[in-house]
Every structure is written in C-alpha cells, then in structure tokens.
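All values below were derived from every heavy atom in this structure, side-chain atoms included, with hydrogens, water molecules and symmetry-related copies excluded. Everything numeric in this text was worked out from a predicted model, so none of it was measured.
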Amino acid sequence: MPIDTTEPAVIRRSAEELLDGLNPQQSEAVQYSGPALLIGAGAGSGKTRVLTRRIAWALSQWNAWPSQILAITFTNKAAREMKDRLETLIGPAAQRMWVSTFHSACVRMLRRDGEAVGLNRSFTIYDQADSIRLMRTIEQEHGLDPKRVKPRDVLSAISDCKNELKGWRMQLKEYAPDYKPGQPSNLGHLEPGDMLNACLYAEYQRRLEAANSVDFDDLIMRTVQMLQVDPQAAAYYRHKFRYIFVDEYQDTNHAQYVLVRELSGVDTTSGASGVAGAAGAAGAAHAAGTQYMQLSPQPQQAQPNWVTVVGDSDQSIYAFRGADIHNILDFEKDFPNAKTVMLEQNYRSTQTILDAANAVISKNAGRTPKKLWTQEGAGSPIVGYAADDDLQEAQWVAGEIARLVAEDGFTYGDIAIMYRANAQSRRFEEAFINAGIPYQLIGGTRFYERKEVKDSIAYLQCITNPSDDVSMRRILNVPKRGLGERAEALVADYAQTQGITFWQALGNTEQIPGMTTRMANPLHAFRSMMEDLIAYAAEHDANPSDIVAHVLQTSGIIDELRKAKDEQEQGRVENLSQLQSVAAEYEQNTPDSSLAGFLESVALVADSDQLPDEGEQRGSVTLMTLHTSKGLEYPVVFLVGMEEGTFPHSRAMDNVTEMAEERRLAYVGITRARKRLYVTRAGERTQWGKAETMLPSEFLDDIPDKLIDWKRKETSVESGESEFGEFGGFQGFGGFGGSRSFDGFDGSSSRGASRGGSHGRWGARSGGASTGSGGSSRNWRDGARGERAFGASGDDYGFDSDYPFDDDDYSTFGAASFGGSSDSRSGSRGRSYDGSSNDFGSRGSSYRSSRSSSYGSAGSSYGSGDSGRRGSSHFRYGTPQEGSSYRSGRSGYGNSGSGSSGSYGSGCTRNGKVTTRRVPRQAPGTGSTAASSGSSAPRNGLSISDLHVGDLVSHDKFGLGKIISTEDKGDNSVVTVDFGSDGIKRLMLRMAPMEKL
DNA sequence: TTGTCTTCCCTTTTT
DNA sequence: GGGAAGACAA
C-alpha cells in the first residue's frame with residue numbers, strides 16, 4: 001500500500017484507493033477540481049462515502065492540510081461518524097479537521113472571537129425552554145398576558161427573523177420605529193403581530209445580551225455578524241478553511257447560507273469578479289427582501305475557498321425551521337463556476353422500495369426530475385396492514401417483528417419503526433414491552449429537558465456565567481429556600497431599575513426597597529453559597545464531573561429529592577447521577593475539558609445523538625420520528641400511522657407547500673428501508689384521550705397497488721366485517737341523516753373539532769362512552785379492545801375464524817409475546833426516564849436516556865414480572881375496576897373489562913385465565929355499549945358515479961359545500977369537498993351524512 | 001409561601 | 001390522557 005507521509009500522521013491514499021469501488025458519477029464527484037461543487041445525492045446513493053473520499057482526496061491529491069478542512073454536518077452523530085470514517089482513511093490527523101455541526105462550529109468561532117459582537121467567552125446557550133421562560137418574564141414586565149400572546153409564537157417569529165439575518169434594530173425600524181427598548185413600557189394594548197413582535201424581539205435580545213447568552217439561532221446569526229464586523233476574524237477563518245464541505249445542504253437556512261458564503265470568501269475575493277458579479281446578483285436576488293448585513297468590504301485573499309455541498313432537494317424536511325430549499329436549487333447561480341454531479345444509483349434499497357419512493361415523490365410539483373434506481377432485484381413486496389385502531393396497529397407490528405426475528409432471520413436491531421410525531425411512540429412501547437421486544441426510543445421527552453436535570457444545569461450555567469439571569473432566577477428557590485415570587489420580584493425590579501444583573505442585585509440586598517430580614521437572610525445564604533460554588537468550580541474547571549457532584553450536594557438538590565418518598569423522586573435522583581456520569585464521560589473524551597465545554601456539549605445535543613454509532617451493537621428495535629430517521633437506514637422499516645391527519649399531519653394538509661414537505665418526508669421514510677418495508681394505518685386513533693376515525697393516507701394511494709401486499713386492506717369498519725356488525729350496531733343509525741347526534745360522523749380527515757367519527761357514533765348510542773364516564777369508561781373500552789386483538793393468552797386466542805390475521809401471523813406472535821405475566825409492574829411514571837440503568841460507561845450512551853440503554857439488554861426479560869418500575873400508563877388497563885378480578889391474569893392487555901355490545905364481548909379473567917365469551921350488551925359501571933358500523937353500513941344513497949367536481953352538496957355538519965375532487969375506490973370512494981369556512985374535507989362517501997343538491 | 005386543585009393546551013417535525 | 005401553569009386555600 002503506497003503510503004506517503006509528507007505531513008506527519010496523515011496517511012496519503014493513492015488515487016486508486018480513493019476511487020476504488022466507485023461508480024463513474026461518484027468518482028467524478030470525488031475528483032472534481034474547482035471552486036464550487038454540488039453533489040446531488042439521492043437517498044442511499046453513497047454520499048457519505050463520496051464526501052469522505054473527497055476530503056481524503058483533497059489531502060492526498062491537492063496537498064491540503066487537515067486544519068484547512070471545514071466539514072459541516074447537521075447532527076453531532078453525523079459529525080462523529082464522518083470523523084471516524086476519515087480517521088480510518090487518513091489516520092489520526094483527522095482530529096485536526098473541523099468536522100462538526102453548524103452550531104458547534106459557530107460556538108467554537110464565537111468563543112474565540114465573539115468579543116467583536118459583545119460576547120464574553122463564557123456565554124451560555126439558551127435552549128427553547130430558557131427562551132420561553134425569558135420571553136414570559138419580558139411579557140409580564142410589559143403588561144402582556146402570556147396566554148394571549150404566546151411566548152412560543154413570538155419566539156418563532158423572532159427565530160424566523162434570525163434565520164434570515166434580520167436584526168432587532170432592523171425590525172424595530174420597520175415595524176415600531178417609536179419604540180424605545182430597555183425602558184419600562186406597557187405593551188398590553190398591542191395586538192399580536194409584527195409591531196409587537198418587533199418590540200419583544202428588541203427586549204428579548206437586549207436581555208440576552210445583558211445575560212451574556214445566546215439562543216440557538218443566535219449562534220449562526222452572531223457568527224455571521226462577527227465575520228462581517230471583525231475583518232481580522234473574517235480573514236483568519238477565510239484563510240484557514242480552504243476547503244469547505246456542507247452536508248444536507250438542502251436543510252440550510254438563509255443564515256447558514258450566508259455563513260458558508262462568508263467563509264468561502266466568494267464575495268470578497270478577486271475570483272469573485274466577472275461571473276461572480278452575476279452570481280452575486282443572483283445571491284442578492286435570492287435573498288430578496290431579507291436585507292442581510294453589509295458584506296465585508298475588502299478581499300482578503302486571491303481565490304475563494306472551495307466549497308462542496310451535498311444534498312438532495314427531495315429530502316428537504318426542515319422548512320419549518322427556516323430551511324430554504326432554494327439554497328440548493330440555486331447553488332449554481334449563487335456560486336460562480338459551480339459544477340453539479342448527480343448521484344442516482346441507489347445502493348441501499350430494493351427496486352420495489354425505490355419504485356414506491358419515486359411514485360410518492362414524483363407527485364411533487366416543481367422538482368428536478370430524478371429517479372433512483374438500483375442493480376438489486378425487486379425484492380419483497382411492501383407489506384401493508386390496516387388495523388382497526390392504534391392499539392391493534394402496534395400489536396400487529398409487534399407480532400410481525402416477532403415473526404421477522406423468529407422466521408426470517410432478522411435481528412431486532414435490523415428493525416426500525418418510524419412515525420410522524422413523537423406522541424405515536426407510546427402505543428408501540430406498550431406493545432413491545434408486552435411482547436418482550438427490546439426497543440430503543442429516540443427522542444421524545446429529552447433527558448436534558450427534565451426538570452431536575454435542567455435545574456442542575458442552571459446551577460452550572462450560573463457558575464460559569466453569573467450574568468445569566470434566567471438560570472439564576474430559576475434556581476433561586478430550588479431546592480425550596482422560602483424564596484418565593486415576592487422575593488424574586490423585589491430583586492428583579494431592583495436589578496431592572498439599576499441596570500444591573502440579578503446576581504449583582506443579590507449582592508446589594510440591603511439597598512433593595514421593601515426588603516425584609518425574612519427574605520434577606522435566605523438571599524444572603526444563596527448568594528454566598530453560589531460564591532462558594534463559583535470558587536470551587538474555578539479550582540476544578542477541568543473536572544466537570546467533580547463540579548456536578550459538588551453542586552448537587554451543596555445546593556441541596558439531591559437531599560431534597562432523596563427525602564421524598566415516592567418513586568418518581570427517586571427516579572429523579574438517578575437522572576442526576578446519570579448527569580454526573582455524562583460529565584465524567586465528557587471529561588474522559590475531551591482533552592481540554594472545562595465546565596463551559598461540558599455545558600456546550602450538553603446544550604447542543606440532538607435526539608439523533610442518542611442513536612448508537614456505527615458498529616455499536618444494536619440489539620433492539622429503534623423507534624423514532626421520520627425527521628430523526630434522515631440519514632439512517634435499516635433492513636426493515638415500519639412506516640406507521642399512514643393516515644390522513646397523522647401523516648400527512650393535519651396541520652400541513654391545507655397548505656400546498658407544507659404538503660410538499662410532508663411528501664418529501666414520506667420519501668425520506670420509504671427510502672430508509674433496505675430490504676423490507678411495511679406501511680400500516682389505523683382506522684381509528686386515540687389522540688388527546690379521544691378516538692378519531694382516520695382515513696388512509698393519500699401517500700398510500702400514491703404507491704402503486706402492485707407493490708403492496710396488503711395483509712389486511714381494510715379495517716373492520718371499512719370492510720363491514722366488524723365483529724359488532726351482527727348486533728346491528730347501526731340501530732343507532734336509524735336517526736341517520738336527521739339526527740344531529742351523529743355529530744362528526746363524516747369520516748373527515750382531520751382538523752380539530754371537525755374530526756370525529758365512530759366515536760361520535762358510539763357516543764351517541766352510549767351516552768358518551770368516549771368522554772362521558774371518564775376513567776372507567778376508558779378502561780373498559782381499552783380493555784375490550786385489547787381483548788379483541790389478543791383475545792386470551794397462549795392457547796386460547798379467542799379469535800373467530802374470520803379474524804383478519806393470517807394464521808401465520810399470530811402463531812409466532814402469541815408464543816413470543818405473551819408468555820409472562822406482567823402484573824407486578826407498578827409503574828407510575830409513564831414515559832419518564834426512570835433511570836434504572838447504570839449503563840453509563842460506554843460511548844454513545846451518554847446522551848441516551850436510561851430507558852433506552854437499559855432496554856438494550858433487557859431482551860426477553862420484559863414480560864416477566866421482575867422488570868421493576870418500568871411501567872407505563874398502559875398498565876393501568878389491567879388495573880382492577882369495579883371489583884372484577886382483573887389482574888390475576890396475564891399481561892395488561894389480556895385483561896378486559898367485561899361487556900361490550902358486540903359478539904366478541906369480553907374476556908373475563910377467571911383463575912388467571914382469560915376467556916372469551918359473548919355477553920349481554922351492558923357494560924358494568926359504564927352503561928356504555930359499543931357499536932360500530934357493520935356490513936350494513938348506512939347508505940346515503942350516493943354513488944361516486946353520480947358525483948362530479950363542481951357539484952354542490954349539503955352536509956349535516958358542515959353545511960353547503962362544493963366537490964373539488966372524487967376518488968372512485970368502490971365501497972371506499974372518497975370525495976373532497978370545500979365547505980368554505982369549515983375548510984376542505986375528505987369524506988368517505990358511504991359514511992358521509994350528505995346529500996347532493 | 002407552599003401545597004393542592006383546576007384549567008388549559010397539547011402534538012408536528014429540531015439544531 | 002397528561003403535564004404545566006395558574007388559582008385558590010391553609
């Protein structure tokens with residue numbers, strides 16, 4: 001192997017090595033020599049490989065130095081992986097490259113040179129919760145009601161400004177020229193809007209600056225500012241980073257785009273003349289209306305730095321966060337002499353999966369046509385499943401996973417569940433726990449958002465940066481020191497009037513008007529305790545874990561939690577011990593560790609950082625959102641919740657742009673799968689504690705029928721094979737058409753109050769089963785439902801022969817899933833991180849929640865009764881109620897309330913065995929009965945062939961509407977109707993209480 | 001001032 | 001259903 005080490009520690013690879021195994025396009029992308037390169041990398045086209053090889057190419061073929069490389073990724077995990085790959089390619093010298101996220105890179109630059117924009121190097125980074133807290137304070141100080149003017153909304157407007165590099169002065173000038181920030185004023189009379197936002201932006205920014213703090217968006221914006229106002233710093237970085245690489249370029253926002261531009265020097269070098277003039281104009285046009293700041297006036301060097309960006313416009317899924325897809329679409333206009341190389345050959349998925357992906361994405365208008373292809377064969381068909389409800393969906397998935405592992409040779413780690421929103425994870429967690437399937441949940445409630453962890457971190461932030469008012473006020477009375485609202489307000493007011501920080505005010509309590517000794521004493525004690533902590537931290541700066549331990553002890557946080565008896569508080573103690581472990585790990589992995597560095601690493605973690613690194617053992621099924629899944633791949637992927645309103649999300653459905661993004665998200669999801677893809681949906685979904693009828697996602701319609709093998713095509717309601725059918729659940733529908741009691745009986749796809757469906761029905765018949773009788777009603781219903789799905793244990797499934805599982809499907813299922821009894825789980829904490837794990841040591845575990853790490857090893861021990869308190873609310877389903885002998889039986893699901901009107905009736909638990917039998921319709925305790933649409937689904941007499949676009953209809957609930965599209969799917973035909981102010985609804989024709997006019 | 005009860009929103013997606 | 005902020009009483 002020809003290794004040439006002209007620079008110590010850099011392994012110089014030969015051209016042959018670096019091009020080995022690449023296809024012509026990849027090879028071209030690696031070698032292309034020029035100032036600007038866009039690699040259009042379709043999903044699974046080997047872009048990371050190309051990117052790392054290109055970096056190695058720069059080092060070995062162009063004699064670049066590692067320190068001249070800046071490679072930007074979107075997540076820490078991606079950065080870490082790229083660094084690892086580079087290290088294997090070029091050796092330890094890879095450590096000298098900057099391979100990091102935008103945010104980390106900016107922190108690094110600001111710590112070094114932030115003085116130019118007024119940032120002391122110990123600045124703190126506010127997360128969203130901190131920002132909301134600050135905004136709420138500001139609002140209250142200005143006579144605004146945080147309920148009326150939602151801090152989150154204001155902050156999102158501010159975030160938009162920052163992403164477009166609009167400073168507060170600019171906003172103020174435009175929308176509230178008379179407003180004087182920093183002075184007491186009442187904004188209570190202002191309506192939410194640009195003017196108010198501008199005022200609050202100014203106040204917010206003023207407070208951030210006083211607190212020597214930044215929020216996430218500031219990291220980018222202020223770095224750009226710094227490069228623009230500090231010629232020395234700009235020159236330094238422009239000279240340093242000769243080669244800039246940006247991954248996931250389609251997800252950059254305007255600020256990030258300008259940052260790249262600033263660093264490249266494309267606007268400031270002689271190389272930018274000529275063609276660059278045009279490009280500059282294009283750039284400016286692109287930024288039209290955003291008025292970003294003046295660019296640095298002087299060229300610093302002869303040539304712009306070389307920029308390589310990689311991305312796929314079809315995978316742009318962060319527009320909601322300000323990502324501007326035009327950055328990638330206009331790259332060739334923005335950067336002079338840019339070259340584009342497209343990678344379309346896919347090395348990941350089967351042709352079937354790619355066909356589905358292509359079919360879905362091709363419906364997006366205005367995209368550059370692109371078609372993924374593979375040399376792999378067609379592979380297995382996509383498997384579809386339509387469950388009756390979300391519970392059954394999760395159970396079916398659990399069963400199928402058990403089968404995949406038992407029969408098809410997959411491991412749990414091969415499998416991922418992807419959903420649109422985090423809230424969907426719970427059902428799957430429950431089903432997996434019950435089935436003994438080890439899983440790992442990515443995202444959701446984050447470790448660092450837990451109260452006790454945030455409190456502790458606030459202490460640390462105050463120690464490094466006592467000006468941080470938000471954190472200081474947060475911990476003033478944590479643990480309780482008898483310092484309430486009043487004391488805090490006195491100090492805060494004083495600080496405000498004196499123009500000093502909260503911390504400084506604490507040093508002058510005797511000056512504060514209205515101060516009583518009862519308040520002054522604990523205030524003094526607090527201040528001197530903090531001084532001690534600061535002194536301690538100064539001595540032990542390189543050992544954050546010691547500082548954490550010391551803070552937890554000295555502050556009394558730990559003691560307060562330990563005193564509390566209940567389990568929840570104990571879990572919190574464990575979270576804090578994990579925080580300590582995270583600090584210890586940071587310390588070990590970071591040569592120049594410091595408290596500030598630790599805080600920074602904590603502030604910038606992302607959900608995806610919880611994912612195990614490559615090569616790490618992945619022994620569990622992964623659950624995550626589609627967003628988090630970007631960049632990952634799994635042999636088996638379950639795309640769940642494929643329903644209108646769930647995915648696409650209801651909030652996106654009336655907006656063309658957002659729908660396009662949803663579609664890209666679907667594309668991302670589909671292309672994560674390598675060998676097997678599943679798509680599942682539920683006919684009814686419980687959301688906000690209420691059930692809603694769901695229609696199939698339009699993305700399912702977009703996938704050609706021949707690609708999907710439906711294990712179950714319709715829900716029992718849709719197919720009319722509901723087990724309740726024979727009872728004539730539709731007696732209740734006698735009143736159909738005339739009766740308003742069927743409110744919501746429209747199968748409409750989504751949107752708040754207009755949703756409804758079978759529950760409206762049930763409710764009508766039962767006097768409000770879904771909401772009326774509260775807990776017991778719900779328990780009963782879920783019990784009944786669980787019963788339906790699982791029937792009973794082991795040998796007695798209780799399924800009727802027409803139950804729509806294939807025999808294959810549940811033979812394995814039952815065996816693998818329902819062995820043990822689980823009633824000893826006493827969980828009360830639901831989804832919390834209960835921290836029962838002490839798996840702190842290994843890399844990658846540091847950011848992982850305890851729950852996920854401990855699942856990894858749990859294996860099949862779930863389902864047995866010894867799993868401690870990992871319970872979740874779901875076990876409540878097995879809770880005794882109404883004196884029945886529940887719980888003596890098996891898993892939480894197996895038990896059931898008794899009574900439903902349907903043929904399935906219920907299982908009653910007897911002698912630890914669940915039996916299925918038919919029972920009279922009255923459910924004990926609830927008075928509820930259940931009914932569901934049966935085969936005798938009522939007809940409104942409408943046939944799809946009678947309806948045409950433009951026809952007027954009258955709907956019982958929505959009133960007059962006009963048909964804007966019809967979809968003939970036989971019994972399941974759907975019409976889309978515009979009801980004016982009630983919005984556009986997709987209605988299942990045969991269900992809609994509607995007539996043609 | 002603290003603890004408990006009530007109400008409100010919540011659910012997009014995240015660096 | 002559930003967490004968190006606000007309202008209210010001890």
(message) Between K454(A) and D127(A), does any NZ, NE, NH1 or NH2 come within less than 4.0 Å of an OD or OE carboxylate oxygen?
(response) yes
(message) Using the six-membered base ring of dT13(B), report whether F320(A) stacks on it, requiring centroids under 5.5 Å and planes under 30° apart.
(response) yes
(message) Taking any heavy-atom pair under 4.0 Å as a contact, classify E248(A): base, sugar-phosphate, or nothing.
(response) nothing
(request) Scan N477(A) against the nucleic acid and name what it touches under 4.0 Å (heavy atoms): base, sugar-phosphate only, or nothing. (result) sugar-phosphate
Starting from [atom2] on [N], measure out to [atom1] on [X] and report it in whole angstrom.
X       : N       : atom1 : atom2 : result
R427(A) : dG2(C)  : CZ    : C1'   : 14 Å
M418(A) : dT13(B) : CE    : P     : 16 Å
Q140(A) : dG6(C)  : CD    : P     : 6 Å
N422(A) : dG1(C)  : CG    : P     : 20 Å
R518(A) : dT2(B)  : CZ    : C1'   : 11 Å
Y318(A) : dT15(B) : OH    : P     : 6 Å
M135(A) : dA5(C)  : CE    : P     : 16 Å
K451(A) : dA5(C)  : NZ    : C1'   : 13 Å

Are [X] and [N] close enough that a side-chain N or O sits under 4.0 Å from OP1 or OP2?
X       : N       : value
N163(A) : dT15(B) : no
T628(A) : dT14(B) : yes
S650(A) : dT11(B) : no

(message) So that I know where these two stand, are F74(A) and H103(A) an aromatic pair - ring centroids less than 6.0 Å apart?
(response) no
Would you say the side chains of [X] and [Y] form a donor-acceptor pair under 3.5 Å?
X       : Y       : result
N422(A) : T625(A) : no
S316(A) : Q250(A) : no
T101(A) : S104(A) : yes
N327(A) : T252(A) : yes

Candidates [options] - which lies nearest the side chain of [X]:
X       : options                   : value
F216(A) : dT11(B), dT13(B), dT15(B) : dT15(B)
K150(A) : dT14(B), dC9(B), dG3(B)   : dC9(B)
R136(A) : dC9(B), dA5(C), dT11(B)   : dA5(C)
R426(A) : dA5(C), dG2(C), dT15(B)   : dG2(C)

(message) On DNA chain B, compare the nucleotides closest to M519(A) and E662(A); which residue's is nearer the 5' end?
(response) M519(A)
(message) By nearest heavy atom, map L604(A) and K480(A) onto DNA chain B; which one lands nearer the 5' end?
(response) K480(A)
(message) Both conditions, 6.0 Å and 45 degrees, for the charged tip of R664(A) above the ring of Y667(A): are they met here?
(response) no
(message) What residues from residues 483-490 of chain A pass a heavy-atom cutoff of under 4.0 Å to DNA chain B?
(response) G484(A), E485(A), R486(A)
(request) Could you name each residue pair satisfying side chain to side chain donor-acceptor pair (under 3.5 Å) that touches residues 132-146 of chain A, not counting sequence neighbours? (result) E141(A)-R207(A)
